[in-house]
Amino acid sequence: MEQAEVYELVFRASAVEDDVVVVHRTERAGAGGHPVYEDDSGIVRAEISAGGEVRMLASGGHQAPGMPVTVRPLAA
């Protein structure tokens, strides 16, 4: 299965609307061997498998990233 180049990560927010972050595939692979994706700021990073399984990756010290409630592949 070919993996998407871009995903939307949807996080539950305490506000009225959920928080949506768009991440793009990088050249890196995570510990599970799957591609690492990150947002334009480089702060939100995630390893995403071809099956849509997500492992959030800390991009700095003392960071405890939450898990998205939905992961959606996007057309590049």
Side-chain angles (χ1 to χ4, degrees):
M1 174 185 280
E2 189 171 322
Q3 196 137 355
E5 293 293 315
V6 181
Y7 283 90
E8 277 186 337
L9 304 179
V10 181
F11 297 90
R12 183 77 56 212
S14 59
V16 176
E17 295 183 26
D18 291 338
D19 189 16
V20 179
V21 178
V22 176
V23 292
H24 303 270
R25 187 175 182 159
T26 69
E27 297 296 320
R28 296 183 302 272
H34 305 291
V36 171
Y37 292 76
E38 66 181 33
D39 71 339
D40 290 337
S41 72
I43 294 172
V44 177
R45 291 186 186 159
E47 179 181 3
I48 305 175
S49 74
E53 298 165 312
V54 178
R55 179 174 24 176
M56 297 304 295
L57 306 171
S59 61
H62 304 290
Q63 188 181 34
M67 286 297 295
V69 294
T70 305
V71 178
R72 295 187 285 246
L74 299 177

*asked:* Once salt bridge (charged side-chain N to carboxylate O under 4.0 Å, His left out) is applied, do any residues pair with Asp39, and if so which ones, sequence neighbours excluded?
replied: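 Expected list: none.
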
*Supply the members, apart from Val20, of the Ile/Leu/Val/Met/Phe/Trp/Tyr cluster built from side-chain contacts under 4.5 Å; use none for a lone residue.*
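Noted: Val20 shares its cluster with Val10, Val69.
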
Would you list the atom pairs, donor with acceptor, under 3.5 Å between side chains in residues 52-59 and any protein atom, with sequence neighbours excluded?
unit_1 : atom_1 : unit_2 : atom_2 : d
Glu53  : OE1    : Ser49  : OG     : 3.2
Arg55  : NE     : Glu47  : OE1    : 3.2
Arg55  : NH2    : Glu47  : OE1    : 2.6
Ser59  : OG     : Ile43  : O      : 2.7
Ser59  : OG     : Gln63  : OE1    : 3.1

*Any salt bridge (Lys or Arg N to Asp or Glu O under 4.0 Å) involving residues 13-24? Give me the pairs, sequence neighbours left out, ordered by first then second residue.*
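For residues 13-24: Arg12-Asp18.
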
In a table with atom names and distances, give each donor-acceptor pair under 3.5 Å that connects a side chain of residues 22-31 to protein atoms at least two apart or in another chain.
unit_1 : atom_1 : unit_2 : atom_2 : d
Thr26  : OG1    : Arg28  : N      : 3.2
Thr26  : OG1    : Val36  : O      : 2.7
Arg28  : NH2    : Glu38  : OE1    : 2.7

*Quick one: which residue pairs count as a ring pair (Phe, Tyr, Trp, His ring centres under 6.0 Å) with a foot in residues 26-48, not counting sequence neighbours?*
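Found Tyr7-Tyr37.
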
